[in-house]
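Written out below as structure tokens is the structure these notes cover.
Since we're looking at a predicted model, the values are computed, not measured. The residues of the chain are indexed from 1 along the displayed sequence.
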Amino acid sequence: MRSSKKSCSLDPAPVSLVVECMDVLFPVITLIINSSLQSGHFPEVWKEAIVTPLLKKCGSDPSKNLHPVSYLSYISKLTESAVADQIQLHLTNNNLYPVFQSAYRKLHSTETALVIVHNDILSNMNKRLVTLLVLLDLSAAFDSVDPSILLTRLRLKLGLNGTALSCLIYLKIFNIVGHHLPLVRCYADEFQLYLSFNPSCAVSQDEAIRSMETCISDVKQWMTTDKLMLNDDKTEFIVIASQHLLKKAAINTIRVGDCDVGKVSVVRSLGMWFDDQLTMVVHITKICSVTFYPPTQY
């Protein structure tokens with residue numbers, strides 16, 4: 001059984017003990033999980049969790065940047081894993097995954113997601129184009145999903161019935177973005193919107209800004225309708241190009257909801273730092289600074 005082996009205070013017995021006795025307990029656990037799936041009943045006690053708040057960004061305001069981590073009982077995690085495997089198999093066999101959706105898929109990791117984005121931007125630079133990259137910030141993305149909306153979308157769009165993973169509700173964003181932008185990459189709930197333009201052409205530059213702002217507006221409207229929330233003031237954008245072309249790009253702010261978001265020179269996405277010339281100097285410096293921390297004294 002594929003699931004985290006960490007024990008939780010909600011478990012009636014240590015997980016290590018359950019794993020050791022799996023030969024005996026396996027038929028019983030299988031019967032419990034199958035009964036839950038067949039009846040469509042997920043016991044209330046399985047929904048209980050020990051929630052621990054973790055700070056997403058060091059030095060930021062804790063009141064706005066706490067990420068809740070839920071520790072569930074072992075049987076709850078096993079059931080979730082069983083459902084996830086079946087849904088993933090259904091989506092893969094029927095080609096229902098968007099091409100650019102990473103995470104929770106074989107051969108679609110953070111590494112492949114970052115390599116694709118980096119390669120796309122580098123290709124644009126070689127064509128003497130400027131890339132406008134926007135990183136959307138979703139508030140409590142998975143925790144705020146409305147179950148009724150999720151189940152309706154699973155049934156009508158993906159042919160699924162019963163409970164499922166909340167990340168699937170975000171598949172719709174690919175359809176919305178596709179009407180405005182040529183490219184969108186996603187890892188779980190982290191979305192990277194970007195497009196390229198010719199900085200020497202004022203019309204091309206204005207069109208790029210208009211397309212991006214309209215796209216974000218439509219995404220925000222969809223999220224509001226589906227009872228989700230986009231953090232306007234925490235959404236970031238960066239303009240990436242060679243040093244010469246950056247001087248020609250006159251984009252300093254973009255409109256995100258009710259906020260005018262200012263351009264930054266460095267952004268962090270999926271653990272990787274992108275600077276405005278794609279030199280990777282900031283990323284290397286950050287990694288090295290962590291590597292050379294002095295050993296802890298005991």
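- Within 6.0 Å of NZ in Lys263 there are more than 12 heavy atoms belonging to other residues, nucleotides or ligands.
- Contact annotation: the side chain of Trp273 never approaches that of Val267 to less than 4.5 Å [non-hydrogen atoms, C-beta and beyond].
- Side chain of Ser76 to main chain of Leu72: no donor-acceptor pair is present (N/O by atom type, distance under 3.5 Å, no hydrogens or angles).
- Judged purely by atom type and a 3.5 angstrom limit, Ser7 uses its side chain to pair as donor or acceptor with the backbone of Val15.
- A distance-only check finds a donor-acceptor pair linking the side chain of Thr112 to the backbone of Ser109 [under 3.5 Å].
- Put simply, the side chain of Thr92 never gets that close to the backbone of Leu89: no donor and acceptor are under 3.5 Å apart.
- Cluster membership check: Met272 does not share its hydrophobic cluster with Val115, using side-chain heavy-atom separations under 4.5 Å among Ile, Leu, Val, Met, Phe, Trp and Tyr.
- Rounded to the nearest 0.5 angstrom, Leu132 CG and Ile254 CD1 are separated by 6.0 Å.
- Residues forming a side-chain hydrogen bond (donor to acceptor under 3.5 Å, both in side chains) with Ser36 (at least two apart in sequence, or on another chain): none.
- Leu78 and Leu31 fall into different hydrophobic clusters, where Ile, Leu, Val, Met, Phe, Trp and Tyr residues are linked whenever their side-chain heavy atoms come under 4.5 Å apart, directly or through other members.
- Clustering ILVMFWY residues whenever any of their side-chain heavy atoms sit less than 4.5 angstrom apart, transitively, puts Leu129 in a cluster other than the one holding Ile238.
- Residues Leu246 and Asp276 meet the side-chain proximity criterion, which asks for heavy atoms closer than 4.5 Å.
- Judged purely by atom type and a 3.5 angstrom limit, Asp275 uses its side chain to pair as donor or acceptor with the backbone of Leu278.
- Between Glu80 and Lys77 there is no salt bridge, since no side-chain nitrogen of the basic residue lies less than 4.0 Å from a carboxylate oxygen of the acidic one.
- Separation of atoms CG (Leu195) and CG (Asp120) is listed at 12.0 Å; rounding is to 0.5 Å.
- Remark: of the listed residues Thr235, Asp232, Asp258, Thr225, Asp232 is the sole one forming a side-chain hydrogen bond (donor to acceptor under 3.5 Å, both in side chains) with Lys220.
- Partners of Asn34 according to the side-chain hydrogen bond (donor to acceptor under 3.5 Å, both in side chains) rule, which considers only residues two or more places apart in sequence or in another chain, do not exist here.
- Between the side chains of Asp11 and Ser73, no donor-acceptor pair is found at a separation under 3.5 Å.
- Under the rule for a side-chain hydrogen bond (donor to acceptor under 3.5 Å, both in side chains), the partners of Ser269 that lie at least two apart in sequence or sit in another chain are Gln192.
- At a threshold of 4.5 Å between non-hydrogen side-chain atoms, the residues Val264 and Phe237 do not count as touching.
- With values rounded to the nearest 0.5 angstrom, Ile287 atom CD1 is found 9.5 Å from Ile284 atom CD1.
- Remark: side-chain polar atoms of Gln205 are not paired, donor with acceptor, to backbone N or O of Ser200 under 3.5 angstrom.
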